[in-house]
2 protein chains.
Amino acid sequence: MQLYSFFNSSTSYRVRIALALKGLDYDYHGINLRSGEQRSAEHRERSPVGGVPVLITDEGQQLTQSLAIIDYLDALQPQPRLLPAEPLARARVLEVAHLIACDIHPINNLRVLGYLQKELGVDAAQKDAWYRHWVAEGLAALEVLLERQGSHPYCFGEQPTLADCCLVPQVANAERMGCDLSGYPKVMAIYRHCLAQQAFQAAAPSRQPDFIA
Amino acid sequence: MQLYSFFNSSTSYRVRIALALKGLDYDYHGINLRSGEQRSAEHRERSPVGGVPVLITDEGQQLTQSLAIIDYLDALQPQPRLLPAEPLARARVLEVAHLIACDIHPINNLRVLGYLQKELGVDAAQKDAWYRHWVAEGLAALEVLLERQGSHPYCFGEQPTLADCCLVPQVANAERMGCDLSGYPKVMAIYRHCLAQQAFQAAAPSRQPDFIA
């Protein structure tokens, strides 16, 4: 398999975690989001929306959207299973994953922040306030959902799921942007537990071939 | 089952389409997003992020996030199946659903538009340009993905899937906001085909008990 990824892209990071948890090998291709490589004609052929990650399967199929890719990988290599089989347990994992993937991440995406600055003339302080606002709203809700699950090392019990694949990159981004994360002790405990695991470490931005310090 | 919904919310609309396609009965509870009812303590108990839709299952479980809810409904009542079983076919449906649910919808959500106006002082023309920009980027990519599927009445063949549950509310919103949709003939053909079907009609905003003309 081939993965088109950017070291700092949190959606790419989700897929790298899933691949590492499952022990699946792949070739890494860096797409530099800072230089605009994602908008090249060559990359638009892989991803019409001009994004990462893109997975190229062993059969040559191009697949975009991190949650679609992880669902596919879960069928390809079901161990460890990232989406439970039981309908309600599965829905709970998807609920957390989508809270992050729909209600937090897209609003703070690079292209959205770029539009705020370039088209709307938003200054750096306003951009940071925007970023922190959506992180705070989303993580507060995530904290409540996790509290309802009781106390576990991962979001849902003793094994990682799709929810953890989404949580870690989101919190890593929030940390990097200097968000105050002291109000989310459950989220942070899970984050720290995940970061201590080898698969999560192997997927980290600083470990990727296209890492820029 | 109980559904907390707002007639004009496109994420609620997705779930209403799924429920109608599957012929599942439910009690409808309107949550008025215009008056801020979603931010009440009572509703935050149902949805920590303060959103709709919320499904209350027959067992009393509260479930948020439209795609998680539809995945759950697909297990509860597998006919008609909205997510294929075959891994790649399933990934293709999820790819389209997430393009809409992650790359278009969240950026144009009511709370985001509200922040632009209230916190950043964006005027009506700038807000409309913002809305149209993300719709145009997303639908152009959607058109390419659908072209690759060949010609079908629905996004994926002769039967509706989760992709159609997402496409119809997104296009309906874009129409309502006066977006130019002439560049997306595949998207629009599927949209019109869906609107001619009874289940999609029953789920439409104008047919809901909380509809405001």
Side-chain angles (χ1 to χ4, degrees), chain A residues 11 44 47-51 55 57 59 61-69 71-76 83 85-88 90-99 101-107 109 111-112 115-116 119-120 122 126 129-130 133-134 137-138 140-145 147-148, chain B residues 11 44 47-51 55 57 59 61-69 71-76 83 85-88 90-99 101-107 109 111-112 115-116 119-120 122 126 129-130 133-134 137-138 140-145 147-148:
Chain A
T11 51
R44 289 268 192 197
S47 163
V49 85
L55 184 82
T57 71
E59 293 74 32
Q61 295 283 337
Q62 299 178 355
L63 196 52
T64 66
Q65 298 295 334
S66 59
L67 299 194
I69 293 171
D71 186 281
Y72 175 79
L73 294 173
D74 217 31
L76 191 72
L83 281 159
E86 194 277 315
L88 187 66
R90 180 182 175 82
R92 290 276 170 240
V93 170
L94 288 171
E95 183 178 37
V96 164
H98 284 96
L99 171 62
C102 300
D103 287 347
I104 309 178
H105 173 264
I107 315 172
N109 209 345
R111 63 193 182 121
V112 173
Y115 190 104
L116 285 173
E119 305 295 329
L120 296 176
V122 157
Q126 287 173 314
W130 166 282
H133 174 78
W134 303 114
E137 275 219 344
L142 178 57
E143 185 75 9
V144 173
L145 289 183
E147 274 167 9
R148 291 181 184 167
Chain B
T11 52
R44 289 267 192 198
S47 163
V49 84
L55 185 81
T57 71
E59 294 74 32
Q61 295 282 338
Q62 298 176 356
L63 196 53
T64 66
Q65 297 295 333
S66 58
L67 299 194
I69 294 171
D71 186 280
Y72 175 80
L73 295 174
D74 217 31
L76 190 72
L83 281 160
E86 194 277 315
L88 186 66
R90 182 183 173 81
R92 290 276 170 238
V93 171
L94 288 171
E95 182 177 39
V96 164
H98 284 96
L99 170 62
C102 300
D103 287 347
I104 310 178
H105 174 263
I107 314 172
N109 209 344
R111 64 194 181 118
V112 173
Y115 190 103
L116 285 174
E119 305 295 330
L120 296 177
V122 157
Q126 288 174 312
W130 166 282
H133 174 78
W134 303 113
E137 276 220 342
L142 178 58
E143 185 76 8
V144 173
L145 290 182
E147 274 168 8
R148 290 181 183 168

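These figures come from a predicted structure and were not determined experimentally. Letters go in sequence order (proteins before strands), and every chain restarts at 1.
Taking A/V122, A/L99, A/V96 one by one and counting their heavy-atom pairs under 4.5 Å with chain B, the maximum is reached by A/L99. Most heavy-atom pairs under 4.5 Å with chain B: of the set A/L120, A/D74, A/I69, this distinction falls to A/L120. Comparing B/L76, B/N109, B/V112 by how many heavy-atom pairs each has under 4.5 Å with chain A, the most go to B/V112. The residue among B/A75, B/P87, B/P106 with the most heavy atom pairs within less than 4.5 Å of chain A is B/P106. With chain A as the partner, the residue from B/E119, B/R44, B/R111 showing the most heavy-atom pairs under 4.5 Å is B/R111. Chain B forms more heavy-atom pairs under 4.5 Å with one residue of A/L88, A/T11, A/L142, A/V93 than with any other, namely A/L88.
With a 4.5 Å cut-off on side-chain heavy atoms, B/L116 and A/L116 count as touching. Counting heavy atoms from C-beta outward, B/L67 and B/H98 have side chains that approach closer than 4.5 Å. Between A/Y72 and A/T57 the shortest side-chain heavy-atom distance falls below 4.5 Å. Two residues are said to be in side-chain contact when any heavy atoms from C-beta on lie closer than 4.5 Å; B/T64 and B/V49 fail this criterion. The shortest distance between side-chain heavy atoms of A/H133 and A/I107 does not fall below 4.5 Å.
Here B/H105 pairs with nothing under the ring-ring contact (aromatic ring centres under 6.0 Å, His included) rule; sequence neighbours left out. Remark: A/E143 pairs with A/E147, A/Y184, A/P185, A/K186, A/V187 by the side-chain contact (heavy atoms from CB on, under 4.5 Å) rule, at least two apart or across chains.
Heavy-atom distances place both the backbone and the side chain of A/D103 under 4.5 Å from chain B. Heavy atoms of B/A129 lying under 4.5 Å from chain A belong to its backbone as well as its side chain. Of the atoms belonging to A/R148, it is side-chain heavy atoms, and not backbone ones, that fall under 4.5 Å from chain B. Residue B/W134 touches chain A through its side chain alone, counting heavy-atom pairs closer than 4.5 Å. Looking at B/Q62, both its backbone and its side chain come within 4.5 Å of chain A, counting heavy atoms on both sides.
In this structure, CD on A/Q65 lies 7.5 Å from OG on A/S47, to the nearest 0.5 angstrom.
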